[in-house]
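What you are looking at is a predicted structure, and each value in this text was computed from that prediction instead of being measured. In what follows, every chain begins at residue 1, and chains take the letters A, B, ... in the order their sequences are listed.
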There are 2 protein chains.
Amino acid sequence: MNPLFHELFQRTRFLNKEVNQTLKKHDLFASQWTVLFCIHQHTEMTLTEIWRYLNVEAPTITRTVSRLEELGWLITHEGKDRREKVVRLSVEAKDKFPEIEASIIEFENETLKGMSSEEQSLLMTLLKKLN
Amino acid sequence: MNPLFHELFQRTRFLNKEVNQTLKKHDLFASQWTVLFCIHQHTEMTLTEIWRYLNVEAPTITRTVSRLEELGWLITHEGKDRREKVVRLSVEAKDKFPEIEASIIEFENETLKGMSSEEQSLLMTLLKKLN
DNA sequence: CCCCTTTAATTACCTAGGTAACTATTTAAT
DNA sequence: ATTAAATAGTTACCTAGGTAATTAAAGGGG
């Protein structure tokens with residue numbers, strides 16, 4: 001067992017936990033935030049667009065989106081194709097968005113504080129080589 | 001949202017999926033293998049030793065260990081302290097271990113094939129700086 | 001000795017991911 | 001126009017992680 005993989009999995013789990021802590025005050029979980037962020041960027045998206053963009057399977061998005069809708073973060077409506085579901089942020093979600101984003105950015109800066117931007121882009125490059 | 005985090009989470013999820021594929025022929029999941037490997041290295045471990053070593057929470061290990069016991073991979077017995085549960089590999093698990101390990105090593109080599117060992121240790125160093 | 005605290009493990013309940021199988025709609029081919 | 005294939009989304013069922021609360025045993029102080 002290569003320690004690199006172990007480190008990678010462990011670090012990621014740890015960071016995810018930290019993001020959850022950061023988002024706790026906004027009553028959100030990390031993956032919910034990821035979906036919100038992604039929809040915010042695109043204004044409106046179908047479920048298929050979301051899961052293709054985020055590189056996860058369809059049922060994951062079905063679940064997260066319906067939970068977010070239940071909680072009042074999202075509004076869904078039918079697209080022209082009657083099979084597809086189009087999603088956008090609710091007014092309250094749009095209102096709260098900047099503050100949540102600020103928390104996330106602060107967390108990210110804190111986490112990356114020990115790394116120069118050269119190191120950051122190097123890390124990015126190396127991650128992309130894993131495959 | 002820093003793309004570095006996105007990349008990190010996505011890569012890790014993808015790799016985990018691949019490890020699951022690799023382990024499918026041995027009827028194992030990635031996390032189950034991690035626990036087996038860890039116990040194999042230490043011969044015998046208590047649950048607390050396992051979750052502390054792997055840096056996860058106790059309930060996660062309770063679940064994975066009892067599933068592995070159910071499936072015949074592990075044998076548990078009481079320690080001197082009557083609260084603790086000591087775990088070791090079953091005979092069948094020990095038998096199958098080398099073949100499974102070989103699959104994992106092959107997968108790891110395949111995944112790391114595009115990286116020199118300098119790049120690998122650099123990646124390790126950079127991951128450790130995330131914090 | 002008794003009570004309080006700590007520790008080991010578990011339980012209940014949640015998010016988050018996956019696969020496989022299904023429904024409903026749309027598209028394409030004959 | 002009808003039927004077959006593709007696409008969008010969902011459902012059921014699994015692993016995998018987390019937190020909070022609980023039980024049972026071990027230790028420590030008075």
### Task
For DNA chain C, determine which residues of residues 9-40 of chain B have any heavy atom closer than 4.0 angstrom to one of its atoms, and list them numerically.
B:Arg13, B:Lys17, B:Lys24

### Task
Not counting sequence neighbours, which residues clear side-chain hydrogen bond (donor to acceptor under 3.5 Å, both in side chains) with B:Lys128? List them please.
none

### Task
Could you tell me which residues satisfy side chain to side chain contact (heavy atoms under 4.5 Å, CB included) with B:Ser121, sequence neighbours excluded, listed by chain and number?
none

### Task
Using a cut-off of strictly less than 4.0 Å between a heavy atom of the residue and any atom of DNA chain C, enumerate the qualifying residues of residues 62-69 of chain A by number.
A:Arg63, A:Arg67

### Task
Evaluate the side-chain proximity of A:Phe9 to B:Leu15: yes if any heavy-atom separation is below 4.5 Å, no if none is.
yes

### Summary
What one should report as the nearest heavy-atom pair of B:Arg11 and A:Leu130 is NH1-O, 2.9 Å

### Message
Please report the interatomic distance CD(B:Glu49) to CD1(B:Ile39), rounded to the nearest 0.5 Å.
### Response
10.5 Å

## Note on the structure
Residues at least two apart in sequence or cross-chain that pass side chain to side chain contact (heavy atoms under 4.5 Å, CB included) with A:Gln41, listed by chain then number, are A:Phe37, A:Tyr53

## Note on the structure
Sorted by chain and number, sequence neighbours left out, side chain to side chain contact (heavy atoms under 4.5 Å, CB included) with A:Thr48 holds for A:Thr46, A:Trp51, A:Arg52

### Task
Taking the side chain as every heavy atom from C-beta outward, state whether B:Leu47 and B:Thr76 have any atom pair closer than 4.5 Å.
no

### Message
Tell me which pairs pass side chain to side chain donor-acceptor pair (under 3.5 Å) where either residue lies in residues 20-35 of chain B, with sequence neighbours left out.
### Response
B:His26-B:Ser103

### Query
Taking atom P of C:dA8 as reference, at what distance in whole Å does atom CD of B:Glu57 sit?
14 Å

### Task
Sequence neighbours left out, what passes side-chain hydrogen bond (donor to acceptor under 3.5 Å, both in side chains) with A:Glu99? Give chain and number order.
none

#### Entry: Contact boundaries on DNA chain D for chain A, cut-off under 4.0 Å to non-hydrogen atoms
D:dA6 to D:dA20

### Query
In residues 76-86 of chain A, which residues come under 4.0 Å of DNA chain D by heavy atom?
A:Arg83, A:Glu84, A:Lys85

### Task
Report the residues that fulfil side-chain hydrogen bond (donor to acceptor under 3.5 Å, both in side chains) with A:Glu106, sequence neighbours left out, ordered by chain and then residue number.
none

### Task
Would you please name every residue forming a salt bridge (charged side-chain N to carboxylate O under 4.0 Å, His left out) with A:Arg67, sequence neighbours left out?
A:Glu70

